[in-house]
Protein chains: 2
Amino acid sequence: MEQNQELKKAGLKVTLPRIKILEILQAPANQHISAEDVYKILLEQGEEIGLATVYRVLNQFDDAGLLDRHHFEGGKSVFEMGQKKHHDHLVCLKCGKVIEFEDDLIEKRQIEVAEKNNIKLTHHSLYLYGVCQPSCEDR
Amino acid sequence: MEQNQELKKAGLKVTLPRIKILEILQAPANQHISAEDVYKILLEQGEEIGLATVYRVLNQFDDAGLLDRHHFEGGKSVFEMGQKKHHDHLVCLKCGKVIEFEDDLIEKRQIEVAEKNNIKLTHHSLYLYGVCQPSCEDR
DNA sequence: AACAATTTGAATTTGTTTCTCAATTACCAC
DNA sequence: GTGGTAATTGAGAAACAAATTCAAATTGTT
């Protein structure tokens with residue numbers, strides 16, 4: 001059980017809700033998923049797990065550093081497993097597609113800006129919003 | 001009446017709530033203010049303007065392009081009169097101080113990233129979070 | 001198996017923002 | 001100015017995401 005180790009390492013007891021939610025978050029199709037969507041998938045799977053538990057577990061995973069939380073424009077928090085290297089996001093406003101990117105130049109520049117203003121940078125949030133070029137453009 | 005012109009130009013009727021809210025937003029002390037805070041100031045001024053109206057008017061101003069709306073980490077929307085040139089924000093997580101900055105290099109780079117990913121960029125949000133260097137650091 | 005501590009589900013609560021609707025008000029034509 | 005029409009308002013209710021409460025169930029450990 002791959003999942004059990006992750007949970008234990010995070011100091012969390014291994015329970016069915018946590019395993020199921022972890023599995024859902026790890027599925028490649030479920031990058032960038034909301035709490036509500038996690039809950040819907042659990043329902044589809046026939047699991048009797050309450051929405052409150054989903055929120056609770058996602059917060060615990062966040063506290064434990066297992067995932068990243070994003071606030072895309074227009075609404076709810078979106079979660080993503082945080083194993084990967086730091087990156088930012090491009091979001092299509094029409095189809096909702098999310099593209100990850102990293103740009104060292106932007107990162108470096110941010111640090112310089114913070115220094116110049118006497119702020120010790122802890123983190124940042126950068127979202128680029130637009131419209132998919134061929135697909136969503138004319139719809 | 002300076003305000004009246006702005007409202008009319010935006011296609012909005014000139015009403016007391018809108019004038020009062022516009023005045024509040026224009027005060028130098030009230031850069032980066034939340035709807036709730038606007039409402040509180042109105043109460044202090046003895047104006048009988050409902051919270052719903054505050055939210056409505058702020059949305060109308062936003063639609064009209066009179067102001068910018070920000071979503072700083074941890075909660076409510078924050079509004080700022082948008083006469084100025086585009087800029088992004090540094091936020092101190094301890095004292096809540098907000099510093100505006102602009103960086104052409106970052107701006108240019110964002111456009112390039114979007115192009116590379118076939119997205120027509122409409123706008124972006126960039127917030128740098130940290131701690132004020134001498135003042136808030138040790139508290 | 002038994003125990004203490006943690007976790008859960010359901011319902012309730014919070015906090016922000018939006019909606020509804022009757023009463024009021026602004027603006028245009030006369 | 002006066003009147004009519006459409007926009008605007010305030011108050012309360014509703015919507016929505018998210019957090020909290022608490023008794024009952026489950027975990028990991030003796």
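When the P atom of dC16(D) is taken as reference, atom NE2 of His71(A) falls 20 Å away, rounded to whole Å. Look at CZ on Arg56(A): it is 11 Å from P on dA10(C), rounded to the nearest Å. Atom CZ of Phe61(B) and atom P of dT17(C) are 17 Å apart (whole Å). In this structure, the CG atom of Leu7(B) is 15 Å from the C1' atom of dT25(C), given to the nearest Å. Atom CD in Glu48(A) sits roughly 19 Å away from atom P in dA24(D) (whole-Å rounding). Note: CD1 (Ile19(B)) to C1' (dT25(C)) measures 13 Å, nearest angstrom. To the nearest angstrom, C1' of dT6(C) lies 10 Å from CG of Leu12(A). The distance from atom CD of Glu73(A) to atom P of dA17(D) is 17 Å, rounded to the nearest whole Å.
Looking at the side chain of Asn59(B), the nearest of the listed nucleotides dT8(C), dT20(C), dT18(C) is dT18(C). Among the nucleotides dA5(C), dG9(C), dA26(C), the one closest to the side chain of Lys13(A) is dA5(C). Distances from the side chain of Val14(A) to the nucleotides dT18(C), dA18(D), dG28(D) place dG28(D) closest. Set against dT16(C), dA19(D), dC21(C), the side chain of Tyr55(A) has dA19(D) as its closest nucleotide. Nearest nucleotide to the Lys76(B) side chain, out of dG10(D), dA19(D), dT17(C): dT17(C). Nearest nucleotide to the side chain of Thr15(B), out of dT8(D), dT8(C), dA18(D): dT8(D).
Ion pairing between Lys9(B) and Glu6(B) fails under the 4.0 Å rule for side-chain N and carboxylate O. Between Lys76(B) and Glu36(B) there is no salt bridge, since none of the side-chain N atoms of the basic residue sits less than 4.0 Å from a carboxylate O of the acidic one.
The 5' end of DNA chain C is approached more closely, in terms of each residue's nearest nucleotide, by Thr53(A) than by the other of Thr53(A) and Thr53(B). Mapping Arg69(B) and Leu16(B) onto DNA chain C via the closest heavy atom, the residue that lands nearer the 5' end is Arg69(B). Toward the 5′ end of DNA chain D lies the nearest nucleotide of Ile49(B), the other residue of the pair Ala35(A) and Ile49(B) mapping further downstream. Comparing Gln60(B) and Ala52(B) by the nucleotide of DNA chain D whose heavy atom lies nearest to each, the residue mapping closer to the 5' end is Gln60(B).
Under 3.5 Å, the side chain of Arg18(A) and the base of dT26(D) form no donor-acceptor pair of N or O atoms.
Residue contacts shown for Ser34(A) are absent, as no nucleic acid heavy atom lies under 4.0 Å away.
Ring centroid separation for the pair His86(A) and His124(A) comes in under the 6.0 Å cut-off. Taking the six-membered ring wherever Trp is involved, the centroid distance between the rings of His89(B) and Phe72(B) falls below 6.0 Å.
Under the 3.5 Å distance criterion, the side-chain polar atoms of Asp103(B) are matched with a main-chain donor or acceptor of Ile106(B).
Side-chain contact between Val113(B) and Leu121(B) is absent, with no heavy atoms from C-beta onward closer than 4.5 Å.
The side chain of Ser77(A) places no N or O atom within less than 4.0 Å of a non-bridging phosphate oxygen (OP1 or OP2) of dA17(D).
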